[in-house]
Amino acid sequence: MTPLLHTKSLSVAFETPDGVVHAVQDVNLTIQAGTTVGLVGESGSGKSTLGRAILRLLPENAKVTGSVFFDGKDLAALSAKAMRDLRGRNIAMIFQDPMTRLDPLMRIRDQFIETIRAHDPTVEAKEAGQRALKVLADVRVPSDRMGMYPHELSGGMRQRIMIAMCLLFNPALLIADEPTTALDVILEAQILELLQAIMGRYNMAVLLITHNLGLVAEFADRVAVMYAGHIAEEGATVPLFREPFHPYTQGLLRSVIDLDTEALYSIPGSPPTLLGATVGCPFYPRCEKRMDVCKTVYPEPRPVGEDRRAVACYLY
Amino acid sequence: MGEPLLDVRDLRVYFPVFKGFVQRLLGGGEAVVHAVDGVSFSIEEGEVFGLVGESGCGKSTIAKTLVGLVRPTSGKILFRGEDVTGMDRQTLFRLRERIQMVHQDAHAALSPAMTIGEAIADVFRAHGIISEAGERVPVHSDVLLRKAVRGVLSDVGLRPPEFFYDKYPDELSGGQKQRVVAARVLALRPRIIVADEPVAMLDMSIRARMLEFLLELKERHKLTYLFITHDLATAKFMCDRIAIMYLGRIVEMGPSDTIYADPKHPYTRALLQAIPIPDPERRRERVLPRGEVPNAVWPPLGCRFHPRCPAALATCGWEGRDFVTFLEERWLSPETAQAETDIGPVERWQADGLVASREAGDADPAVLSERVRKMLSDERGPMAQAIESVHPEADSVVVRFQPPDALEVKTVSGRLVECLLY
């Protein structure tokens, strides 16, 4: 089966005054239709850059190599116009702070109409309004919110409206970049339950980018763990959480503080800066199981264990 | 038990809301945010006391009030039995040495143009060098000053201190910056440290190290902590006792073990249920509270949690605006909205205290009242049960609620709970 999305040796480097920052390195990531992939990593791991690279939403100083295939098509080959049309229609994206994505001077109704007409200028305002009402009902936003401005809405309502806008064209993939990080825990759970319900109804795949391992465990079918621009480990959620293979995944899971935590653990050291070329495994300085070989050559991901999980580590 | 180190009694902090020119002309009274609305708790020496709640619950306002950054509207704060709420500036200056605060954003707390050493030396210049025994020595020589700075730097684990002395905040990691902030605080030899979300901005893999560091400092300097967090898991690990806050009130308070083993308030239960579990084999169905935290300018009547509470009773404080919310949710289904167009739209309903009403317009108020009664006849929820009457009044339909039962703080299985279920 052709995967819905597939990245092949995708790398992103930023030119900065201090040198080249290698934010994403050689990432191969596959998303099947209708599934949820959790992309987890700490700040600076490159997870958000990867999400934006897929949609070609990076700033000018970003140098992207490798390819992104969506539905079998190479996205790099698309014209800027074709790419613009694909965004929103086939792949939609939501962000941490909906306030930065909504126009503060426009009523919700008008923002919907504008969005619909950007893709399909022939749609009448009345029909666009009807379509907006339908998706808003799907995300449980009362119809009277249509006449309001973003600042009159609560944080949860704004994020629901962002999700509703994504649903307008029934995209096959939703990239959700820390969609609930700005929300409190109850609201977060509400929004994730909503996303889950909608995924089924719209047969939509989700790439959930988050720092929160708990969310991934509750929500994702597969998990990709990112560290310093690389995917350290990728596999089905249940076996990966049951028995993490990569020392970074092991450390990260041990460092989660939850209601069952009896002893605290933190990974020694701190994440590397991604400035300049790196050799070897980026986790080497912090790894408790490091070997000499790790220092010089990056370990190519290889299938490990019964679930044939991709693990980039010389231990396997 | 002796006198508590800190005793907060019926603390209220209201903030005025800025009203536009037109709104002021229209009047309607003063609007205030009820940030903290009648909160009492005390902290014993050597304790880690947690204030836990979601954003907007008032936990950070309490922290700021305790260190004198915000003036309370009413209520008392007693430090070792002495009322500190009405103190003059000079006394307050000395008091602040005893109660110090660590903020969430260590980066924002440090000047980017000041070396770490200078940032700490500044504290000594302002307050003098305070010995373990509490004696104050004015700074009279650079040698003495440098020695004192090196002392606190190494106390917080920034070793060797000479290495960090001339560094700028930008050259340090997030965890190291938190330690610098801690060093500035410890330089004053405080008794209580108010830690406001001290690890929220740190990555998971290094968070534990910061928490361990805080516990280590507490042991070494015999400190007392007021630990403020939205994260129930961290609070469970850190705190001896916790208070769960919702919209300016404490809803449940007691020993951590007791509360986590068997939470009593429906809000505490909801919070605990909502925490994602990092184990895909323990996914579960949960009952989440509906909606969001309401505006603290007009907190709900009765128990503030009642509109969202999965366990609410008819006596919890249902009022006119809850009826309007009920209509909104009911009409999310387009079919129902279509079938009940004569009762809607929502915008025509107005809420005022215990009453919700709608002008009948061309329709007969009596007929419309009957329609509303019929709509409510298959509703079994506590809101519907709390409705006293639906009747025509002049040219309007009026839905009237029964007044709520009085809320009291009760002792339930070893903790305090404010809930009508008990």
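Residue numbering restarts at 1 for every chain, and letters A, B, ... go by the order of the sequence lines. What you see is a predicted model, and the numbers here were worked out from it, not measured in a lab.
- Rounding to the nearest 0.5 angstrom, the gap separating the CE atom in A:Met162 from the OG1 atom in A:Thr100 is 8.0 Å.
- Heavy-atom pairs under 4.5 Å with chain A were tallied for B:Glu281, B:Glu292, B:Glu329; the largest tally goes to B:Glu292.
- Of the charged side-chain nitrogens involved, at least one lies within less than 4.0 Å of a carboxylate oxygen, so that B:Glu252 and B:Arg415 count as a salt-bridged pair.
- When heavy atoms are compared at a cutoff of 4.5 Å, B:Glu54 approaches chain A by way of both its backbone and its side chain.
- Only the side chain of A:Arg286 has a heavy atom closer than 4.5 Å to any heavy atom of chain B.
- Tested against A:Glu233, the residues A:Gln250, A:Arg309, A:His246 include a single side chain to side chain donor-acceptor pair (under 3.5 Å) partner, A:Arg309.
- With a 4.5 angstrom heavy-atom cutoff, A:Ala236 does not touch chain B via any of its atoms.
- Cation-pi check for A:Arg131 over A:Phe112 is not met; the charged atom does not lie both under 6.0 angstrom from the ring centroid and within 45 degrees of its normal.
- With chain A as partner, the option from B:Val293, B:Ile275, B:Val346 having the largest number of non-hydrogen pairs under 4.5 angstrom is B:Ile275.
- Between B:Glu216 and B:Arg209 there is no salt bridge, since none of the side-chain N atoms of the basic residue sits less than 4.0 Å from a carboxylate O of the acidic one.
- Note on A:Asp260, A:Val238, A:Leu252, A:Leu215: by heavy-atom pairs under 4.5 Å with chain B, the leading option is A:Val238.
- With respect to chain B, the highest number of heavy-atom pairs below 4.5 Å among A:Met157, A:Glu188, A:Lys134 belongs to A:Met157.
- Looking at A:Glu193, the atoms closer than 4.5 Å to chain B (heavy atoms on both sides) all sit in the side chain, from C-beta outward.
- Side-chain contact between A:Ile257 and A:Leu264: present, with at least one pair of heavy atoms (C-beta onward) separated by less than 4.5 Å.
- Using a 4.5 Å cut-off between heavy atoms, A:Arg145 touches chain B through its side chain atoms alone.
- For B:Ile277, the parts lying under 4.5 angstrom from a heavy atom of chain A are both the backbone and the side chain.
- Other residues, nucleotides and ligands place no more than 12 heavy atoms under 6.0 Å from the CD atom of B:Gln350.
- Residues A:Phe283 and A:Ile267 are in side-chain contact: their nearest non-hydrogen atoms beyond the backbone lie under 4.5 Å apart.
- The choice from B:Gln273, B:Arg284, B:Arg286, B:Arg282 that makes the most heavy-atom pairs within less than 4.5 Å of chain A is B:Arg286.
- Side chains of A:Ser43 and B:Asp203: a donor-acceptor N/O pair is present below 3.5 angstrom, by distance only.
- Side chains of A:Asp258 and A:Thr261: a donor on one and an acceptor on the other come within 3.5 Å.
- Across B:Ala270, B:Pro289, B:Ser173, B:Ala337, the residue that shares the most heavy-atom pairs under 4.5 angstrom with chain A is B:Pro289.
- Using modelled atom types and a 3.5 Å distance limit, the side chains of A:Tyr248 and A:Glu42 yield a donor-acceptor pair.
- Of the two parts of B:Glu347, only the side chain, counted from C-beta on, holds a non-hydrogen atom closer than 4.5 Å to a non-hydrogen atom of chain A.
- Looking only at heavy-atom pairs under 4.5 Å with chain A, the residue among B:His230, B:Lys236, B:Arg308 that has the most is B:Lys236.
- Contact annotation for B:Asp279: only backbone heavy atoms (N, CA, C, O) come within less than 4.5 Å of a heavy atom of chain A.
- With respect to chain B, the highest number of heavy-atom pairs below 4.5 Å among A:Gly251, A:Ser270, A:Ala220, A:Pro271 belongs to A:Ala220.
- Comparing A:Asp144, A:Leu213, A:Asp138, A:Leu136 by heavy-atom pairs within less than 4.5 Å of chain B, the highest count is held by A:Asp144.
- Looking at B:Arg290, only its backbone comes within 4.5 Å of chain A, counting heavy atoms on both sides.
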